J.: 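One structure coming up, written as structure tokens, with questions to follow.
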Amino acid sequence: MVASPATAPIQTEVARPLYGNTSRRSFLGFFVIGILISTPATALLVWDYHFQPPYLSIGFHFLSYAVGVLCALRLGNFWLAILGAHRVLAAALLIASVGMALLEYASPPASSALRHTSFALLGLALGGIIASTFQLMQRLYERDPAATVNVAGGLIGTGALVPALMSALAYSWTAFQGFFGFLALAPAAAAAFLLSQKSTAEPSRLDLGFVAALRELRSPVHILFAALLFFETAAELSVAQWAALHLVLHAGMSPSTALYFLSFYFLSLLGGRFAAQAMLQRFPHRRLLLASAAMSWLGILILGSASNFLGAGLGLALSACGFSFVYPLLVERIGSRFREYHSSMFHGIFGLGMIGGFLAPTVIAFWASLSGETSAMTVPLWCSLLVFLLLVLLWIESKISASRFRQG
């Protein structure tokens, strides 16, 4: 999604440091995005859902999260126009802190409505952070898309690792008293830092907004790419949200061990993102993309049937490595195919993927209530298979387009 040089706004020497400071501050949001992504997975074990899993309640937890993301993205353009991206980011970080703090008091026997509300606030915060950070990072993205995406991905991965690893250590060493309250300090501190800084120039290119960005998906190729991001994120995040609970219920692991395996999954994703950048210079991208999609499918298949540490580790490693290669390769293909896209427009498609990432575990939970937890793991398996099939369709479409271009 590289901006076309012809459409990139003129950057003056005076505006450069102002935009640079604004863009760099937006990276705080990416770190919090990672925390918000992995917090629900840890909450399921913190609340002792592994003893008698209330699958319907879990499903509504994730559905509340997805609805929160959708509401924030639908209203994001409205609030960006009124408050500006800098203030929207600070407000979203404060909402994230409030949602985290509520999780501290939402543990059973508290009302399930409080847990639904907490998840909805986290989703609302996630959607607001996505809308504002993609708006703020415009200038850095236009200057160096690859480096910007790498830094953002690294911060998301690091943020996702924090709750998983902290919860594993807390479960091993002490009680969970104050765990979510401590996590709430991160977005609160980031919001306080942003509000303490002098207001700087806002990016001049207006965000199209979530709905307008989706309306741009006019051609079948646009729809294929959007569907790819939706199902790829659905597969990746459904494994992230469900893996720890699955390993306790199916492989008989202790909650602390399952949380360490979840930390291993996020660490593998983080390492794989950077390994992908090195391998992009040495291997054909299309073959690497198809191989990675197949690897993630195989990893989910092994994880779904794993009954010991070796199978669980192998399944998580394969799926994480596959996912970590698919996403940057997919973003690269979108950027090379549609050069008119820019970072603030991409937030709509990225947000659509995040909605899929929390709708998929919703489906897993509802399916588990009907047919058992093990069979419900086929949801990320089917999502990963759809990613592979959509990649094949895109490969066929690119061959046909190239043939028509030569004939023309």
Side-chain angles (χ1 to χ4, degrees), residues 31-51 53 58 61-62 65 100 103 119 122 153-154 156-173 176 179-180 182-183 186 233-273 296 299-324 357-358 360-361 364-365 368 373-374 376-377 379-381 383-384:
F31 179 75
V32 178
I33 285 175
I35 294 177
L36 294 176
I37 285 174
S38 64
T39 294
T42 64
L44 300 183
L45 296 185
V46 171
W47 292 337
D48 293 329
Y49 276 177
H50 52 283
F51 289 125
I58 294 173
H61 291 343
F62 286 116
Y65 203 118
M100 291 280 189
L103 288 178
F119 272 65
L122 295 182
I156 291 175
T158 304
L161 184 61
V162 169
L165 190 56
M166 282 182 56
S167 61
L169 294 172
Y171 210 107
S172 301
W173 295 348
F176 279 112
F179 174 73
F180 291 115
F182 184 78
L183 280 182
T233 310
E236 182 176 329
L237 290 191
S238 60
V239 171
Q241 303 304 333
W242 207 260
L245 185 62
H246 171 75
L247 292 176
V248 173
L249 297 176
H250 186 69
M253 292 185 184
S254 67
S256 61
T257 303
L259 288 168
Y260 279 120
F261 270 84
L262 179 62
S263 303
F264 169 71
Y265 174 75
F266 285 124
L267 187 62
S268 299
L269 277 173
L270 180 59
R273 299 279 194 232
S296 63
I300 296 172
L301 182 64
I302 295 173
L303 176 65
S305 58
S307 58
N308 53 48
F309 285 21
L310 179 61
L314 181 61
L316 287 173
L318 285 175
S319 58
C321 289
F323 291 142
S324 63
F358 288 97
I364 291 177
E373 190 274 335
T374 303
M377 283 299 291
V379 172
L381 193 67
C383 289
S384 187

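No hydrogens, no waters, no symmetry mates; every other heavy atom, side chains included, goes into these values. Note that the numbering runs from 1 along the sequence shown for the chain. Owing to the predicted nature of the structure, the values given are computational and were not obtained by experimental measurement.
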J.: Would you please name every residue forming a side-chain hydrogen bond (donor to acceptor under 3.5 Å, both in side chains) with Ser254, sequence neighbours left out?
T.: Ser256, Thr257
J.: In Å and rounded to the nearest 0.5 Å, what is the OG to CZ distance from Ser324 to Phe266?
T.: 13.5 Å
J.: Out of curiosity, Leu161 CG to Leu262 CG, how far, rounded to the nearest 0.5 Å?
T.: 9.0 Å
J.: Taking all non-hydrogen atoms of both residues into account, name the closest pair between Ala320 and Ser268 and its distance.
T.: CB-CB, 3.5 Å
J.: Which atoms form the tightest heavy-atom contact between Ala41 and Gln241, and what is the distance?
T.: N-OE1, 3.1 Å
J.: Is there a side-chain contact between Ile58 and Leu245 (heavy atoms, below 4.5 Å)?
T.: yes
J.: Quick check: closest heavy atoms across Tyr265 and Ser319, and the distance to 0.1 Å?
T.: CE1-OG, 3.8 Å
J.: Is His50 close to Leu44 at the side-chain level, that is, under 4.5 Å between some pair of heavy atoms?
T.: no
J.: Any side-chain to backbone donor/acceptor pair from Glu373 onto Ile364? Under 3.5 Å, distance only.
T.: no
J.: Taking the six-membered ring for Trp, are Tyr65 and Phe358 parallel (under 30°), tilted (30 to 60°) or perpendicular (over 60°)?
T.: parallel
J.: If I compare all heavy atoms of Leu270 with all of Gly154, which pair ends up nearest, and what's the gap?
T.: CD1-O, 3.5 Å
J.: Going by salt bridge (Lys or Arg N to Asp or Glu O under 4.0 Å), name the pairs with one or both residues in residues 235-256, residues two or more places apart or in two chains.
T.: Glu236-Arg273
J.: Identify the residue among Ile302, Leu247, Leu267 that makes a side chain to side chain contact (heavy atoms under 4.5 Å, CB included) with Leu316.
T.: Leu247
J.: Between atom CD1 of Ile35 and atom CG of Leu122, what is the distance when rounded to the nearest 0.5 Å?
T.: 11.0 Å
J.: Working to the nearest 0.5 angstrom, can you tell me the gap between Thr158 OG1 and Leu165 CG?
T.: 11.5 Å
J.: Test of understanding: with side-chain hydrogen bond (donor to acceptor under 3.5 Å, both in side chains), list the residues that count as partners of Ser384, not counting sequence neighbours.
T.: Ser296
J.: Please evaluate residues His246 and Val239 with respect to the criterion side chain to side chain contact (heavy atoms under 4.5 Å, CB included), reporting the C-alpha separation (whole Å), side-chain torsions for both, the decisive distance (0.1 Å), and the verdict.
T.: CA-CA 9 Å; His246 171 75; Val239 171; over 6 Å; no
J.: Would you call the rings of Phe264 and Phe261 parallel, tilted or perpendicular, where under 30° means parallel and over 60° means perpendicular?
T.: perpendicular
J.: Could you pull out the closest heavy-atom pair between Ala234 and Ala360, with the gap in Å?
T.: O-CB, 3.6 Å
J.: Scan Leu45, Val162, Thr39, Leu259 and name whichever one has a side chain to side chain contact (heavy atoms under 4.5 Å, CB included) with Ser167.
T.: Leu259
J.: Any chance you could measure Phe51, atom CZ, to Leu249, atom CG, to the nearest 0.5 Å?
T.: 11.0 Å
J.: Where does the angle between the aromatic ring planes of Trp47 and Phe180 fall among parallel (under 30°), tilted (30 to 60°) and perpendicular (over 60°)?
T.: tilted
J.: Nearest 0.5 Å, what's the CG-OG distance between Leu169 and Ser263?
T.: 7.5 Å
J.: I would like to know whether Ile300 and Phe323 meet side chain to side chain contact (heavy atoms under 4.5 Å, CB included); could you show each step before the answer?
T.: CA-CA 11 Å; Ile300 296 172; Phe323 291 142; 3.6 Å; yes
J.: Which heavy atom of Met253 sits nearest to which heavy atom of Ala312, and what is that distance?
T.: CE-CB, 3.7 Å
